[in-house]
Protein chains: 2
Amino acid sequence: MQQMEQIVSSLREEGFRITPQRMAIVDYLLKTEDHPSAELIHKVIRKRYPMVSLSTVYKTLDLLKDKKLVNEMDVDGEARFDAHTDEHINLVCMNCGKIEDIDEESLREIQVKAARKSKYLILKSSFELSGYCSDCKSKFQA
Amino acid sequence: MQQMEQIVSSLREEGFRITPQRMAIVDYLLKTEDHPSAELIHKVIRKRYPMVSLSTVYKTLDLLKDKKLVNEMDVDGEARFDAHTDEHINLVCMNCGKIEDIDEESLREIQVKAARKSKYLILKSSFELSGYCSDCKSKFQA
DNA sequence: ATTTAATTAGGAATAGTTCCTAATAATGAA
DNA sequence: TTCATTATTAGGAACTATTCCTAATTAAAT
């Protein structure tokens, strides 16, 4: 909720229009703890704005990615989105598909080390661990 | 070259057949430093075995993934493959698409920490940094 | 209220991947 | 070696997430 106004005004300043579609998508992404796919976002948004199109969802997500307001990650060939853009580890459950975030300050150091070793100019990072969440884990051990 | 025989015998032990197609794909993946896509693998293999099909490439890659003999990663919605399965960071150039590996022993610690915090059973990890490689970097700074 | 240019809805097109099936060939047995 | 069995393959059709296209709409400046 808090970041909403910042995002709106930063878009407006750059000359982008504030449409109900964009508001709805940003609002949903800020409020959810999930890491929804474009399709899920579309489904959810549609409940309030029935005529919003999937292509608009994709376009808005592209815009938000450009502005570094959301991160994109890949799970089984499907893009998933996250408005929590601080450095963190994504834990992906290979059974139920749930994604959990974990803060980890040592990621930054690793990034610096890697940049130094490789001479890359690093712009984006993605740290992902996959396995079974605590719920699904017990099913497999039973 | 060295691992070839191990892979062949481990597949044979489990009852899988050793076909020229599988040999060619494994051979190529072991020899290259690249992180080729399925399509590139197909193109390369075809030079020697002109009738090998793309679907066989995909199936073989699935098999090798299952056996943990190759890792899969995603670059712009395209799967890329790597027979170098030790823990490492992938550096992806956002301009030319090149991928470089960097060894980093601290990754293991992070993994252990994350597993402890989250109670996940971790089976797979992927650490990816994207940006510009040293070649492309200079083009953008000019 | 009017203008105008960004944005949208909707669907068609694309591309990577998976699926399907008859034909082929690797392997073990005789 | 020859034969029988059955995994594997080639080829292409089907699928699916995403991108592209265009006329209609609408946010925002005047």
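Protein chains get the first letters and strands the later ones, always in sequence-line order, with residue 1 at the start of each. Worth saying up front: this structure is predicted, and the values here are computed from it rather than measured.
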Margin query: Could you tell me how far apart A:D66 (CG) and C:dA6 (P) are, to the nearest whole angstrom?
Written below: 16 Å
Check: Which listed nucleotide (C:dT8, C:dG10, D:dT8) is nearest to the side chain of A:R46?
Finding: C:dG10
Item checked: Any residue meeting side chain to side chain donor-acceptor pair (under 3.5 Å) with A:E104, in chain and number order, not counting sequence neighbours -> A:S106, B:K113
Item checked: Partners meeting side chain to side chain donor-acceptor pair (under 3.5 Å) with B:S37 (sequence neighbours left out) -> none
Checklist line | Of all pairs that satisfy salt bridge (charged side-chain N to carboxylate O under 4.0 Å, His left out), the ones with a partner from residues 124-133 of chain B, not counting sequence neighbours | finding: none
Note to self: List the residues meeting salt bridge (charged side-chain N to carboxylate O under 4.0 Å, His left out) with B:R46, not counting sequence neighbours, and say none if there are none.
What the structure shows: none
Next item on the list: Mind calculating the distance between CG (B:L61) and P (C:dG16) to the nearest angstrom?
Entry: 15 Å
Item checked: B:D74 CG to C:dA15 C1', straight-line distance once rounded to whole Å -> 13 Å
Margin query: Under 4.5 Å side-chain heavy-atom separation, chaining through any Ile, Leu, Val, Met, Phe, Trp or Tyr, what else clusters with A:I122? Say none if it is isolated.
Written below: A:I89, A:L91, A:I102, A:L107, A:I110, A:Y120, A:F127, A:L129, B:I89, B:L91, B:I102, B:L107, B:I110, B:Y120, B:I122, B:F127, B:L129
Notebook entry, point to check: With sequence neighbours excluded, what pairs up with A:K98 under the side chain to side chain donor-acceptor pair (under 3.5 Å) test?
Noted result: none
Next item on the list: Take the protein atom CD of B:E14 and the nucleotide atom C1' of D:dA7, then report the distance between them rounded to whole Å.
Entry: 15 Å
Margin query: Please encode protein proximity along nucleotides 23-30 of chain C as a string of B, S and -, counting only heavy-atom distances under 4.0 Å.
Written below: --BBS---
Next item on the list: Quick one: list whatever passes side chain to side chain donor-acceptor pair (under 3.5 Å) with A:S55, sequence neighbours left out.
Entry: A:S53
Item checked: Whole-Å gap separating C1' (D:dT25) and OH (A:Y49) -> 17 Å
Notebook entry, point to check: Do the side-chain N or O atoms of B:S53 get closer than 4.0 angstrom to the phosphate oxygens (OP1, OP2) of D:dG11?
Noted result: no
Notebook entry, point to check: In whole angstroms, how far is the P atom of C:dT17 from the CE atom of B:M73?
Noted result: 13 Å
Margin query: Taking side chain to side chain donor-acceptor pair (under 3.5 Å) as the cut-off, I'd like each qualifying pair that reaches into residues 8-17 of chain A, sequence neighbours left out, listed once.
Written below: A:E14-A:K67
Notebook entry, point to check: Base, backbone or nothing for each nucleotide of nucleotides 15-24 of chain D, written B, S, -, heavy atoms under 4.0 angstrom, 5' to 3'?
Noted result: --SBBB----
Notebook entry, point to check: Can you check the B:L63 CG to C:dT18 C1' distance for me, whole Å?
Noted result: 16 Å
Item checked: N-O pairing of B:D62 and B:K59 below 4.0 Å -> no
Notebook entry, point to check: For the helix from C:dA1-D:dT30 to C:dA30-D:dT1, what angle lies between the axis at the first five pairs and the axis at the last five pairs, to 10 degrees?
Noted result: 40°
Item checked: Separation between OG1 of B:T60 and CD of B:Q21, rounded to the nearest 0.5 Å -> 7.5 Å
Check: Who pairs with A:H88 by ring-ring contact (aromatic ring centres under 6.0 Å, His included), at least two apart in sequence or on another chain?
Finding: A:H84
Notebook entry, point to check: Rounded to whole angstrom units, what separation is found between the CD1 atom of A:I45 and the C1' atom of C:dA9?
Noted result: 16 Å
Margin query: Go nucleotide by nucleotide along DNA chain D from the 5' end; which of B:V57 and B:G15 gets its closest nucleotide reached first?
Written below: B:G15
